[in-house]
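The next block holds one structure in the form of structure tokens; read it before the comments.
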Amino acid sequence: MTLYQPFLDYAIDYMKSRSQLDSYPIPPGFESKEAITGKGKNQVTVTTTSYGFQTAKLRQIRAAHVQGGKALQVLNFVIFPHLNYDLPFFGADLVTLPGGHLIALDMQPLFRDEAKYQAKYTEPILPIFQSYEKDLPWGGDFPEEASQFFSPAFLWTRPSDTAIVENQVFAAFKDYLKAYFDFVESAEPVEDPQHLEAIEQAQLRYLRYRAEKDPARGMFKRFYGEEWTEEYIHGFLFNLERELLSIH
Ligand code: DBV
């Protein structure tokens with residue numbers, strides 16, 4: 001069992017308990033990928049496994065799980081709602097590297113600075129955020145340009161102790177996921193054309209940023225090469241533009 005497997009198992013079971021969960025296609029060749037890295041005694045196999053689901057309201061629920069021994073564990077899990085809902089993204093970036101753990105957990109807003117949007121999608125989760133602030137303090141250094149994509153309830157922390165990840169981070173992950181599915185349950189489709197256009201633009205802005213600045217790009221290129229990596233990023237992890245092209 002690896003550090004983030006319980007998070008993934010929990011999320012899948014929980015989502016099934018809340019929604020009719022259908023599978024979302026993973027492009028051939030990207031379901032699971034292995035590479036051997038390191039030299040001599042330090043050789044490890046790094047396996048990246050992909051998961052994809054969808055529901056009536058959620059266009060793509062996808063996870064990338066990287067397992068490369070104790071010093072390399074990553075679970076990147078993002079939910080992209082359909083474009084006719086004003087729902088935020090659910091975003092979890094759970095990263096363990098030789099330097100330690102790095103945890104990002106948030107419901108990333110479409111319209112960060114709109115009071116109405118904040119009242120609807122951020123204020124209800126602030127009490128959850130605050131309940132973890134003591135155990136999961138602010139993680140420091142953070143790319144300034146990314147801040148526009150995070151909510152005021154952004155949990156960003158670098159626990160030095162693995163037990164914190166297994167306990168408090170896992171608990172926070174469960175609370176955020178529950179709160180997210182509460183939002184999903186009450187979400188009503190948007191019909192106003194101007195609002196729909198604004199949602200599409202906000203989703204594209206977010207997606208382009210994430211695809212362009214993906215902090216895992218360097219790691220994936222080292223393990224699996226440039227071609228595989230770019231196709232994984234644009235064809236699966238952040239695929240909205242491709243999907244829009246195939247519809248229009
Ligand atoms: N991050 C991803 C995907 C990953 C992934 C798809 C499948 O978006 C992993 C893998 N994140 C990953 C790795 C690192 C980070 C770091 C491997 C470590 C990179 C390294 O140190 O070499 C949140 N993730 C980070 C960082 C942030 C995030 C802020 C630190 C990066 C830095 O210091 O430059 N989540 C990430 C992010 C957004 C988000 C930037 C933006 C909206 O939602």
Side-chain angles (χ1 to χ4, degrees), residues 2-5 7-8 11 24 26-27 30-35 37 44 46-52 60-81 87-112 122 136 138-159 165 169 172-173 176-177 180 202-224 228-240:
T2 57
L3 187 55
Y4 299 115
Q5 188 71 48
F7 289 68
L8 185 59
Y24 185 95
I26 298 167
F30 294 85
E31 301 92 342
S32 182
K33 180 78 176 167
E34 280 190 6
T37 174
V44 284
V46 182
T47 307
T48 297
T49 317
S50 303
Y51 299 80
Q60 188 202 32
I61 301 166
R62 101 288 181 282
H65 190 199
V66 183
Q67 294 165 280
K70 226 179 144 181
L72 176 60
Q73 295 290 323
V74 178
L75 179 64
N76 181 269
F77 175 56
V78 183
I79 300 179
F80 300 95
L87 287 162
F89 306 97
F90 181 89
D93 204 11
L94 314 172
V95 180
T96 299
L97 299 172
H101 309 291
L102 178 161
I103 303 293
L105 183 61
D106 197 16
M107 299 202 200
Q108 303 185 298
L110 291 172
F111 309 107
R112 191 185 195 285
T122 298
L136 304 175
W138 180 248
D141 274 0
F142 181 74
E144 182 54 40
E145 53 176 353
S147 59
Q148 59 176 302
F149 297 108
F150 289 97
S151 84
F154 176 37
L155 251 175
W156 167 246
T157 190
R158 299 173 191 261
V165 177
V169 171
F173 178 81
Y176 273 64
L177 193 63
Y180 189 78
Q203 282 229 12
L204 284 169
R205 203 163 48 238
Y206 174 82
L207 192 107
R208 286 178 182 137
Y209 178 82
R210 298 240 14 207
E212 188 186 330
K213 298 291 157 95
D214 190 340
R217 181 177 260 110
M219 172 185 88
F220 281 139
K221 276 191 185 172
R222 262 186 290 123
F223 299 149
Y224 309 127
W228 185 92
T229 299
E230 293 306 323
E231 192 52 32
Y232 192 49
I233 291 173
H234 295 284
F236 179 63
L237 291 176
F238 303 107
N239 74 350
L240 177 63

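Because the structure is a prediction, the values reported are computed rather than measured. We count residues from 1, following the sequence as given. Whatever order the structure lists them in is the order used to number ligands and atoms, beginning at 1.
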* Asked: Quick one: which ligand 1 atoms are inside 4.0 Å of a heavy atom on M219?
  -> 17 (C)
* For atom 14 (C) of ligand 1, what's the nearest protein heavy atom and its distance? -> V95 CG1, 3.9 Å
* To do: Mark yes or no for whether Y51, through its side chain, and I61, through its backbone, hold a donor-acceptor pair below 3.5 Å.
  => no
* Asked: With a cut-off of 4.0 Å, which atoms of ligand 1 are near a heavy atom of F142?
  -> 29 (C)
* Would Y224 and Y232 count as a close aromatic pair, with their ring centres under 6.0 Å? -> no
* **Atoms of ligand 1, numbered as shown, that sit under 4.0 Å from any heavy atom of Q108** => 39 (C), 42 (C), 43 (O)
* Could you tell me which atoms of ligand 1, counted from 1 in the order shown, lie closer than 4.0 angstrom to a heavy atom of A64? => 7 (C)
* **Partner of F30 under ring pair (Phe, Tyr, Trp, His ring centres under 6.0 Å), chosen from W228, F236, F220** => W228
* To do: For residues F154 and F142, establish whether the separation of their ring centroids is below 6.0 Å.
  => yes
* For ligand 1, which atoms have a heavy atom of A216 less than 4.0 angstrom away? -> 4 (C), 5 (C), 9 (C), 10 (C)
* **Polar side-chain atom of R112 near backbone of F149 as donor-acceptor pair, under 3.5 Å** => no
* Enumerated ligand 1 atoms positioned under 4.0 Å from heavy atoms of W156 -> 26 (C), 27 (C), 29 (C), 30 (C)
* Asked: With a 4.0 Å heavy-atom cut-off (strictly under), which part of L102 contacts ligand 1: side chain, backbone, both or neither?
  -> side chain
* Structure fact -> Checking heavy-atom distances from atom 41 (C) of ligand 1 to each of F236, F150, F149, the winner is F150
* Asked: Is ligand 1 under 4.0 Å from a heavy atom in the side chain of K213, in the backbone, in both, or in neither?
  -> neither
* **ring pair (Phe, Tyr, Trp, His ring centres under 6.0 Å) between F7 and F77, worked out** => CA-CA 10 Å; F7 289 68; F77 175 56; over 10 Å; no
* To do: Specify the protein heavy atom at minimum distance from atom 31 (C) of ligand 1: its residue, its atom name, and the distance to 0.1 Å.
  => P215 CB, 4.2 Å
* **For atom 3 (C) of ligand 1, the option (of D93, I233, N76, V78) bearing the nearest heavy atom** => N76
* To do: Can you sort out which atoms of ligand 1 are near L97, meaning under 4.0 Å from one of its heavy atoms?
  => 18 (C), 20 (C), 21 (O)
* Closest approach of Q73 and G68, non-hydrogen atoms and distance? -> NE2-N, 3.7 Å
* Among Y24, F89, F90, which residue meets the ring pair (Phe, Tyr, Trp, His ring centres under 6.0 Å) test with F80? -> F89
* Structure fact -> Of all heavy-atom pairs linking L237 and R62, the shortest is O-NE, 2.8 Å
* Structure fact -> closest protein heavy atom to atom 42 (C) of ligand 1 is R210 CD, 3.4 Å
* After noting the C-alpha distance and the side-chain angles of F173 and Y4, does the key distance pass the ring pair (Phe, Tyr, Trp, His ring centres under 6.0 Å) rule? -> CA-CA 11 Å; F173 178 81; Y4 299 115; 9.2 Å; no
* Tell me which protein heavy atom sits closest to atom 33 (O) of ligand 1, plus the residue, atom name and distance to 0.1 Å. => P143 CD, 4.3 Å
* **Proximal atoms of ligand 1 relative to L237 (non-hydrogen, under 4.0 Å)** => 6 (C)
